[in-house]
2 protein chains.
Amino acid sequence: MTVTLADVAARAQVSPATVSRVLNGNYPVAAATRERVLRAVDDLDYVLNGPASALAAATSDLVGILVNDIADPFFGIMAGAAQSQIGGPEGAGAGRAGGEKLAIVCNTGGSPERELTYLTLLQRQRAAAVILTGGAIEDPGHSTAVAAKLAKLADGGARVVLCGRPPLELPGGGGGVAAALAFDNRGGARRLTEHLLALGHRRIGYVAGPVERTTTRHRLEGHRDAMDAAGLGGVVEPLTVHGSYDRQSGYDATLELLRREPELTAVVAANDTVALGACAALRERGRSIPDDVSVAGFDDLPFSADTMPALTTVRLPLYEAGARAGRLAMGREAAPPGGIASVPAELMVRGSTAGPRS
Amino acid sequence: MTVTLADVAARAQVSPATVSRVLNGNYPVAAATRERVLRAVDDLDYVLNGPASALAAATSDLVGILVNDIADPFFGIMAGAAQSQIGGPEGAGAGRAGGEKLAIVCNTGGSPERELTYLTLLQRQRAAAVILTGGAIEDPGHSTAVAAKLAKLADGGARVVLCGRPPLELPGGGGGVAAALAFDNRGGARRLTEHLLALGHRRIGYVAGPVERTTTRHRLEGHRDAMDAAGLGGVVEPLTVHGSYDRQSGYDATLELLRREPELTAVVAANDTVALGACAALRERGRSIPDDVSVAGFDDLPFSADTMPALTTVRLPLYEAGARAGRLAMGREAAPPGGIASVPAELMVRGSTAGPRS
DNA sequence: ACGGCCATAGCAAGCGCTTTCTATGCGTTA
DNA sequence: TAACGCATAGAAAGCGCTTGCTATGGCCGT
């Protein structure tokens, strides 16, 4: 059989209670006793029974991180950063010493049902915290359901953190959400389009992300803000194509854009990956970048600086934001005032944008 | 307080045992009773207590997936695929119906200690299965420690699956590992170098991954095999530079390669990301690709087809392998004969390689 | 030198679920 | 009609740990 607390207690000649206290370090234990216990733990190669511990303590050391697409570095970077603040680098020890927690990355694939399912699963595991990353799905029913789940989670003692997702705008306020780190998608998108406008572009196509997603909407709004301000509001609607956040979608959408407006001089993509697809489509149609058509992305993923030409994009401090979300989830950092912090988006001008052919 | 099984039982006017049986569906329950119970579950919005369930049943519904770098799509793709076979898309219900499991993605960052720590954490949680992805660290002490942990895990009933990692070569055979999906890194690398050789290249530089990693070693061996067969074995050693699996490393290593051999006509990179860095370095030094220098990668990540020029690389069916690993971990697929399956690597010739300037 | 207090350690009662074993009621078969 | 068996439901004993409360001993103050 596996070794239990009682076995360790027997070997160390103390009561199970004492062993538990040594392992948790939350109760005074004489140094000599502690020594004896730790030796016994080592000798027997004891490993704490997580479920039993969680049951008795009514809380587990699991922290859930929900991502829309784990294969997308956008999420991978945030998740990795968050996990770096959560996971247990040091002491592989037996007890759940210090803030040792186990980060769980859950891949929703952008599906509302799965998002809810994972939230339930996390609730079932009595997770200590939950971090939701990336844009939310904008469906009244779904939002309500998520908010309800989060409220329940928070109610059960879990700390809920939103990273790259706008705060829940719901009657009842926040629903127990500890903190929200909202990306300035709108401002970033606006500045990006302003940059293009300043270069002289007028026929600007926009390859948007999936509809009903906050990220999609905010970026699109930023774009529209800039276009409106330039008196080009009428161009936005006809030159916007929605797709998913992947390369194929950028490719297809760009072809469609070219069909609608062969004289296009710039394409703004929902994100860098989509921009890659857009570049491929443009090249295939014989347009050179940026001489014939300028292209811009969003996120500034690692590969964006290495494309040819290097991609003009909007940098989001994904790593920093993820790490902060991790700290917030661990209670290692105070929540921002009002529970909401805005994460800045910085325009990165590189080689893929230039003035249109005169 | 939170709703418990007993509450549901009371409302449905049955015993807790019956509720448990309805939820687990592993015992005959009259249809009418089941109905009543399910309605009560719904009415009360009951969520099973995972830890309690795991404690009583001596097994949890957690499946751990260890990855070296979650921000790297190489791992993200495998993890996502595995999770798609594991996670609970359907029924968000209360019980742990069907094979509903929760996939945990653990990011080791390539650190041996963290790998061990996570394995312990997973053991502590009484994980139902563990999937180790990507290359292993080649250190006798570490390998032994990992093998011991895996044996213990397997001993405790967990199914252990290796994906993209060679089988454990240890006395005591496999140590309870259910299955190993080994990538044909060596063969793929050999074919890649053969391709370059066939084009006429002789001064071929190699940007290897971190030392002491099986993936690094196997790919390097494949390269050497091809070079040896061409009577160019002597060129390998002096034109090989080690680094990590990231872009920066590819950049730095390539500069070093150029220093050692300015007449270099081809660079083979440890993976696609590294190849990107190599391209950047070459361009910066005024070499055009593939006219002056050919470049090749490995893995065929999604962005590889979109670089300019498109990257010649070796395709690894990451998604398929990850999905298979997931199925294996769930016991939904029979283990391959001998517990080991080789995953083929396919050469993808694209624009970044061409014959050297004559 | 004695009562009292602090520092430690042990006792024992659960935490909420699963599961074995037992009980009940009905349909069957002779 | 009586004995038997099957299908279904309940009782209760844990699973291994945490923690409030209690017990013990040594040291202090006076």
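Side chains are part of it too, since the values below use all heavy atoms of this structure and drop only hydrogens, waters and symmetry mates. Proteins come first, then strands; the chains are lettered A, B, ... in the order of their sequence lines, and each starts at number 1.
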Apply side chain to side chain contact (heavy atoms under 4.5 Å, CB included) to residues B:Leu62 and A:Gln125 and explain how you reach the verdict. CA-CA 10 Å; B:Leu62 261 32; A:Gln125 298 299 331; 3.8 Å; yes
A:Ile131 and A:Cys163 have their tightest heavy-atom pair at CG2-CB, 4.2 Å
Side chain to side chain donor-acceptor pair (under 3.5 Å) with A:Ser111: which of A:Arg114, A:Glu113, A:Glu115? A:Glu113
Round to the nearest Å and state the distance from B:Glu35 atom CD to D:dA9 atom P. 13 Å
Rounded to whole Å, the CG-P distance (B:Leu23 to C:dG16) equals 16 Å
By nearest-heavy-atom nucleotide on DNA chain D, the more 5' of B:Arg36 and B:Arg126 is B:Arg36
The nucleotide from C:dT8, D:dT18, D:dG16 with an atom nearest the side chain of A:Thr4 is D:dG16
Please report, rounded to the nearest Å, how far the P atom of C:dG16 is from the CZ atom of A:Arg124. 16 Å
To the nearest Å, give me how far apart CG (A:Asp61) and P (D:dC17) are. 14 Å
CG of B:Asn26 versus P of D:dT8: gap in Å, rounded? 14 Å
Specify the residues of residues 13-21 of chain A, ordered by number, for which at least one heavy atom lies under 4.0 angstrom from an atom of DNA chain C. A:Val14, A:Ser15, A:Ala17, A:Thr18, A:Arg21
Interatomic distance where CG belongs to A:Asn49 and C1' belongs to D:dC17 [whole Å]: 8 Å
Please report, rounded to the nearest Å, how far the P atom of D:dC15 is from the CG atom of A:Leu55. 13 Å
Closest approach of A:Ile65 and A:Ala103, non-hydrogen atoms and distance? CD1-CB, 4.2 Å
Do you know the tightest heavy-atom contact between B:Leu181 and B:Ala325? CD1-N, 3.8 Å
Mind checking the CG-CG spacing from A:Leu132 to A:Leu153? Nearest 0.5 Å is all I need. 8.5 Å
Which pairs, protein N/O on one side and nucleotides 22-28 of chain D N/O on the other, fall under 3.5 Å?
none

Taken to the nearest whole Å, CG/A:Leu5 to P/C:dA12 is 17 Å
Could you work out, with salt bridge (charged side-chain N to carboxylate O under 4.0 Å, His left out) as the rule, every residue matching B:Arg327, not counting sequence neighbours? B:Glu333
Nearest-nucleotide wise, let me know which of A:Thr33 and B:Ala52 is further upstream toward the 5' end of DNA chain C. A:Thr33
Can you tell if the side chain of A:Leu66 reaches within under 4.5 Å of the side chain of A:Leu119, non-hydrogen atoms only? yes
